[in-house]
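All of these numbers come straight from a predicted model, not from anything done at the bench. Numbers here are sequence positions counted from 1. All heavy atoms count here, side chains included; hydrogens, waters and symmetry mates do not. Counting starts at 1 for both ligands and their atoms, in listed order.
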Amino acid sequence: MAPLSSPSPDVAPAPGVSRVADILGERLAKEDPDLGEVIVAEEEIRDKIRELGARITEDYAGRPPLLVGVLKGAFVFMSDLSRAIALPVEFDFMAVASYGSSTRTSGVVRIVKDLDTDLAGRHVLVVEDIVDSGLTLAFLLRNLAARQPASLAVCALLVKDTEVTAPELSYVGFHIPRDFVVGYGLDVAERYRNLPCIRRYNGQLP
Ligand code: IMP
Ligand code: MG
């Protein structure tokens with residue numbers, strides 16, 4: 001089988017950056033005019049995850065959390081974040097859908113896939129990819145709080161600078177501008193989730 005990528009000598013990744021991932025990301029971006037500038041670089045994400053993981057490890061010492069990932073966007077972040085937490089965490093996933101557009105939340109949200117775990121008495125840490133209006137998360141937190149967890153907190157990789165007040169977020173990776181972004185789990189019509197960094201999306205939104 002032919003190798004996935006033959007490294008081209010003109011692409012020089014920053015020191016410490018995974019060369020294969022970096023080259024793949026660069027190549028995807030070069031071939032796609034809809035992909036704009038890097039908003040959060042791969043190494044910034046990696047450093048931030050290390051920092052968040054250390055904080056979570058300290059805050060949850062003696063009470064390992066149940067990580068609740070919000071599908072699909074959070075799967076990449078949750079995978080990396082969980083490996084930066086030095087506690088016996090458990091995993092569950094939830095999928096929600098918003099009525100209306102797939103790129104803008106209407107606020108009317110329904111559960112497409114529910115958790116397998118009973119939350120009663122559990123320390124629940126919701127892992128989200130991005131908080132925009134905060135409507136999806138507000139719905140989710142109301143729903144989860146009703147299941148009587150011992151504690152309920154949120155770790156969001158990205159928070160957009162929108163005027164709407166987001167629910168209280170215990171852990172935040174990056175505050176970013178209001179532009180639509182893709183990569184590292186975030187999509188447009190299911191594409192771009194495998195970009196190793198976060199980029200601005202310059203194409204038409206569906
Ligand atoms: P909210 O309810 O307005 O906070 O929207 C949250 C959801 O909208 C996220 O979980 C994403 O699925 C989606 N979303 C919002 N902004 C973006 C973006 O810039 N790129 C990709 N998805 C986004
Ligand atoms: Mg999401």
Side-chain angles (χ1 to χ4, degrees), residues 24-25 28-29 32-42 44-45 48-49 52 66-82 91-115 124-146 152-206:
L24 288 178
L28 285 169
D32 189 337
D34 290 341
L35 281 179
E37 64 181 282
V38 174
I39 303 292
V40 188
E42 189 184 358
E44 291 179 282
I45 296 174
K48 183 62 76 178
I49 284 176
L52 291 171
L66 171 71
L67 301 181
V68 169
V70 186
L71 295 172
K72 300 174 195 166
F75 82 101
V76 179
F77 178 44
M78 178 128 146
S79 164
D80 285 342
L81 178 70
S82 67
F91 296 79
D92 207 342
F93 293 93
M94 215 169 162
V96 294
S98 172
Y99 288 101
S101 153
S102 62
T103 51
R104 261 209 8 238
T105 311
S106 61
V108 186
V109 180
R110 80 195 147 91
I111 295 172
V112 176
K113 184 223 170 289
D114 205 345
L115 300 171
V124 175
L125 182 57
V126 176
V127 179
E128 253 288 31
D129 49 2
I130 187 164
V131 179
D132 185 359
S133 69
L135 290 168
T136 305
L137 196 58
F139 165 86
L140 214 60
L141 291 178
R142 259 199 320 275
N143 184 288
L144 297 179
L152 182 58
V154 180
C155 178
L157 178 65
L158 305 170
V159 176
K160 279 198 199 172
D161 288 331
T162 37
E163 271 119 59
V164 183
T165 5
E168 200 191 311
L169 305 170
S170 303
Y171 307 94
V172 172
F174 303 93
H175 291 270
I176 60 165
R178 305 179 77 159
D179 318 84
F180 202 83
V181 293
V182 293
Y184 202 72
L186 294 164
D187 74 312
V188 173
E190 298 304 328
R191 288 183 58 204
Y192 306 118
R193 293 194 197 272
N194 61 326
L195 286 179
C197 62
I198 307 283
R199 283 182 184 268
R200 190 194 307 277
Y201 179 72
N202 292 331
Q204 287 278 25
L205 290 174

### Query
Taking the non-hydrogen atoms of Leu137, is any one of them nearer than 4.0 angstrom to ligand 1?
no

### Task
State which residue, out of Leu35, Leu186, Asp187, fulfils the side-chain contact (heavy atoms from CB on, under 4.5 Å) condition with Tyr192.
Leu35

### Task
Without swapping roles, check the side chain of Arg200 against the backbone of Gly36 for a donor-acceptor pair under 3.5 Å.
no

### Query
Only one of Asp114, Val112, Leu71 forms a side-chain contact (heavy atoms from CB on, under 4.5 Å) with Met94, so which one is it?
Asp114

### Query
Where on Asp129 is there a heavy atom closer than 4.0 Å to ligand 1, on the side chain, on the backbone, on both, or on neither?
side chain

### Message
Among Lys72, Arg178, Lys160, which one puts a heavy atom closest to atom 16 (N) of ligand 1?
### Response
Lys160

#### Entry: Pairing of Arg178 and Asp161 as salt bridge, 4.0 angstrom limit
no

### Task
Output yes when the distance from some N or O of ligand 1 to some N or O of Gly134 is under 3.5 Å, and no in every other case.
yes

### Query
Could you go step by step and tell me if Val70 and Asp129 meet the side chain to side chain contact (heavy atoms under 4.5 Å, CB included) rule?
CA-CA 8 Å; Val70 186; Asp129 49 2; 5.9 Å; no

### Query
Nearest heavy atom to atom 2 (O) of ligand 1: which of Asp132, Ile39, Thr136 does it belong to?
Thr136

### Message
Can you confirm, on distance only, whether ligand 1 has an N/O atom lying under 3.5 Å from any N/O atom belonging to Ser133?
### Response
yes

### Query
Quick one: which of Leu186, Val109, Val181 has a heavy atom closest to atom 20 (N) of ligand 1?
Val181

### Query
Does Arg191 pair with Asp32 as a salt bridge, N-O distance under 4.0 Å?
yes

### Message
If you measure every N or O of Val131 against every N or O of ligand 1, does any of those distances drop under 3.5 Å?
### Response
no

### Message
Take a 6.0 Å sphere around CD of Gln204 and say whether it holds more than 12 heavy atoms from other residues, nucleotides or ligands.
### Response
no

### Query
Counting from 1, what ligand 1 atoms have a heavy atom of Leu135 closer than 4.0 Å?
2 (O), 4 (O)

